[in-house]
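Notes for the one structure printed next.
Note on naming: letters A, B, ... go to the chains in the order of the sequence lines (proteins, then strands), and numbering restarts at 1 for each one. Only this structure's heavy atoms are used, side chains among them; waters, hydrogens and symmetry mates stay out. Keep in mind the model is a prediction, meaning the values are calculated, not measured.
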There are 2 protein chains.
Amino acid sequence: MKKASLKDIAQQAGVSTALVSYVLNGKEKETRVGEAIAQKIRLIAKELNYQPNHLAKSLRSGKTHTIGLIIADISNPFFANIARVVEDEAKKNGYTVIIGSCDEHAEKSWDLLNVLINRQVDGFIIVSCEGSENQVHYLKERNIPFVLLDRHFPEIQTDFVATNNYKASYDAGIHLIKSGYKKIGIMAYKSNMYHMEERVRGYKHALRDNKIEFHDAWLKEVHFETMDSEVRTAIDEILASEQRVDAMIFATYGLAINALKYITELRLQVPSDLAIVSYGQAEVFDLYYCPITYVQQPLEMLGKTSVEFLLKKLKNPDEGMKQILMEAKLIARDSSKPKTSAVNG
Amino acid sequence: MKKASLKDIAQQAGVSTALVSYVLNGKEKETRVGEAIAQKIRLIAKELNYQPNHLAKSLRSGKTHTIGLIIADISNPFFANIARVVEDEAKKNGYTVIIGSCDEHAEKSWDLLNVLINRQVDGFIIVSCEGSENQVHYLKERNIPFVLLDRHFPEIQTDFVATNNYKASYDAGIHLIKSGYKKIGIMAYKSNMYHMEERVRGYKHALRDNKIEFHDAWLKEVHFETMDSEVRTAIDEILASEQRVDAMIFATYGLAINALKYITELRLQVPSDLAIVSYGQAEVFDLYYCPITYVQQPLEMLGKTSVEFLLKKLKNPDEGMKQILMEAKLIARDSSKPKTSAVNG
DNA sequence: TTTTTTAGATTAAACGATTAAGCAAAATAT
DNA sequence: ATATTTTGCTTAATCGTTTAATCTAAAAAA
């Protein structure tokens, strides 16, 4: 029992496929289909449990109602959460999502892009990785609709939905300072990605605005690929330095996890030995013996808005560029509680 | 500058599209295409950067090289990790994966199934949820290839790849008993899913084989949807009961997380007040002040094998049924360390 | 020399839908 | 009664491939 096609319905109804198509697409008015025959077609369609063939539709229309989501890694909770939001929001609008993980690797990202372009996704939502500017330019040139998510390139005019990382880091810095910490370090990825630079810049400005001199040794930049080992070295160094820090900001969830493991090994007490504020969010932060203060990014909003922007663009390609920076929220916990009883609760 | 099609190449080469198709699909030998013309076609194809249109191919062949992966929730680390493995393994074989989250909800799962069938995925990898037996039967009837992953229905003959949950729970129980715990509870989902029942059965048998009488109060079954509140009640009850437990097994990651949060609130010490073994795996288990003993499922193998089974089935639909149960590994940590110095290190 | 075979190409249908264009009959206008 | 419009439907091209069937000329065999 094969799937029923338009033709099958047409035959049973004794009409042409055109009529069937018109009726089933609700164009009976414009195309003046007789009411009687329309009824009949609808009935037969229901009887045969007709399901239109997406492939054929897509081939004809050039639209697949599919969007490609390129992220670093679906097994990372941040991206997994984003993916879930995107999936739901897309489904709500009749779109299907194909997710690809590029491991922060421009080459993989490029492969994914091509695979998905070949599969004729209607558009992309992309969490760009370092060195993928050419890909963004490529999409622009080829006029393939896309929205950058979470990260963007300020020197390239694109739609994007991201977090105000500068502000988030600034707030994190201020928070630590207000809590009485004066020697504050930050660990970030070695990267010239704008979002990462902003996370560092915000931190620096928080220091500056509070007359705290920034020391180069306080900034630790590690490579994504070799994070596991580099984080340890970095922590060793930052604690051994002349200007030993009493607090640290971790610019990503991955960094924080690695650091926490090492800090636990070292039997350092949080926050007395080292106060902590981290980006990202996950169960660990709640359940760590000293709950971790973190920068809560508006995941839901980021995901939803990116889908919204993309779909609008698909409906109307000529619509203006949409760019939005959303504010993160600092969730204060014990890992950054006031150093002395002097300040705050 | 539109994408080049077979026709474009054919025109430039001054031949028919058939020839181009033959050459580009490596059928030049069987179909006796002249060597000279074949060269020319390949050259032009390269020049025009020809990329075949997947939609057209699929429409013709009935194969989309796409597989549907239905899981409970991509934002759950267990499934996210599985998804990643599946994604990679599929890509290695030229397949694309479409992931759908059904939230342990048979109705959503059914929707997803239909959406994906309509999108003509070639086959499915499914983590079944409660009450989805009809869906499995449906797939069998319609002869749509699929492999059940992580969970299966023993009363339905299907391909599947799963963990030996009975053995895993049995091992967990034995481990606790050997560590000196005698009053061991278990928390699971209220469910008649086989994998969940097996997790409970293994635990019970571990008790039985060690002459420990099982008390009904030791088994706490909570509903997935209302887990947050029910877990608390369950813990309260199991601790207040006459046969207060000194150790607990959590049958899923989600249960463990909720329980740990509450246990922390209650200021219970792990393992002295309550020893713990949990299913699932994630950073939390490492970073909890008392690292959590957990049942490590062979994620990578599960994912890989499920893809392998499915692809084999796609190649050769008549191949026999493939079923495999993989062994989990208990990772012993401090949360279940020996109660007295009597046993073990 | 005639017939058969073979190499090398083309034609056209098919996959399942959409849709512009066309056509005949009925209804309306002149 | 004739011209025009409207109604209701069909035809056929199209999207980009694949592939069975066919064709043609040249080569091989009879």
List every contact pair, protein side and nucleotides 25-27 of chain D side both N or O, where the distance is under 3.5 Å.
none

Got a list of protein N/O to nucleotides 14-17 of chain C N/O distances below 3.5 Å?
residue, atom, partner, partner atom, Å
C/dG16, N2, A/Ala56, O, 3.4
C/dA17, OP1, A/Tyr50, OH, 2.7
C/dA17, OP1, A/Asn53, N, 2.9
C/dA17, OP2, A/Leu6, N, 2.5
C/dA17, O5', A/Tyr50, OH, 3.3

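Regarding A/His54, its NE2 atom lies at a distance of 20 Å from the P atom of D/dG16, rounded to whole Å. When the C1' atom of D/dG8 is taken as reference, atom NZ of A/Lys40 falls 15 Å away, rounded to whole Å. Rounded to whole Å, atom C1' of C/dA9 lies 17 Å from atom NZ of B/Lys27. Going from atom NZ of A/Lys29 over to atom C1' of D/dC9 covers 16 Å, rounded to whole Å. Whole-Å rounding puts the B/Leu19 CG to C/dA7 P distance at 15 Å. As rounded to whole Å, 14 Å separates atom P of D/dG8 from atom CD of A/Gln39.
Evaluation of the side chain to side chain donor-acceptor pair (under 3.5 Å) test over residues 34-46 of chain B, restricted to residues two or more places apart or in two chains, returns B/Glu28-B/Arg42, B/Glu35-B/Gln39.
In this structure A/Lys304 satisfies the salt bridge (charged side-chain N to carboxylate O under 4.0 Å, His left out) test with no other residue, sequence neighbours excluded. Considering only residues two or more places apart in sequence or on other chains, A/Asp8 meets the salt bridge (charged side-chain N to carboxylate O under 4.0 Å, His left out) condition with none of them. With sequence neighbours excluded, the residues forming a side chain to side chain donor-acceptor pair (under 3.5 Å) with A/Ser21 are A/Asn25, listed by chain and number. Annotation: ring pair (Phe, Tyr, Trp, His ring centres under 6.0 Å) contacts of B/Phe78 (sequence neighbours excluded): none. Taking B/Tyr95 as the reference, B/His65 meet the ring pair (Phe, Tyr, Trp, His ring centres under 6.0 Å) condition, with sequence neighbours excluded. Applying the ring pair (Phe, Tyr, Trp, His ring centres under 6.0 Å) rule to B/Tyr22 yields no partners; only residues at least two apart in sequence or on another chain are considered. Shown here are the ring pair (Phe, Tyr, Trp, His ring centres under 6.0 Å) partners of A/Phe124, two or more places apart in sequence or in another chain: there are none.
Within 3.5 Å, a donor on the side chain of A/Tyr22 pairs with an acceptor on the base of C/dA20, or the reverse.
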message: For A/Gln120 and B/Asn53: C-alpha separation, side-chain torsions, deciding distance, then whether side chain to side chain donor-acceptor pair (under 3.5 Å) applies.
response: CA-CA 8 Å; A/Gln120 327 218 194; B/Asn53 182 318; 3.0 Å; yes

- request: Any chance you could lay out the side-chain contact (heavy atoms from CB on, under 4.5 Å) test for A/Lys57 and A/Thr64, step after step, and finish with the verdict?
  value: CA-CA 8 Å; A/Lys57 266 186 134 92; A/Thr64 55; over 6 Å; no

Give every donor-acceptor pair under 3.5 Å between a side-chain atom in residues 108-116 of chain A and any protein atom, sequence neighbours left out.
residue, atom, partner, partner atom, Å
A/Lys108, NZ, A/Asp103, OD2, 2.8
A/Ser109, OG, A/Gln135, OE1, 2.6
A/Asn114, ND2, A/Trp110, O, 3.2

- prompt: What is the per-nucleotide protein-contact pattern of nucleotides 22-28 of chain C, from the 5' end, where B denotes a base atom under 4.0 Å from a protein heavy atom, S denotes such proximity for sugar-phosphate atoms only, and - denotes neither?
  reply: -------

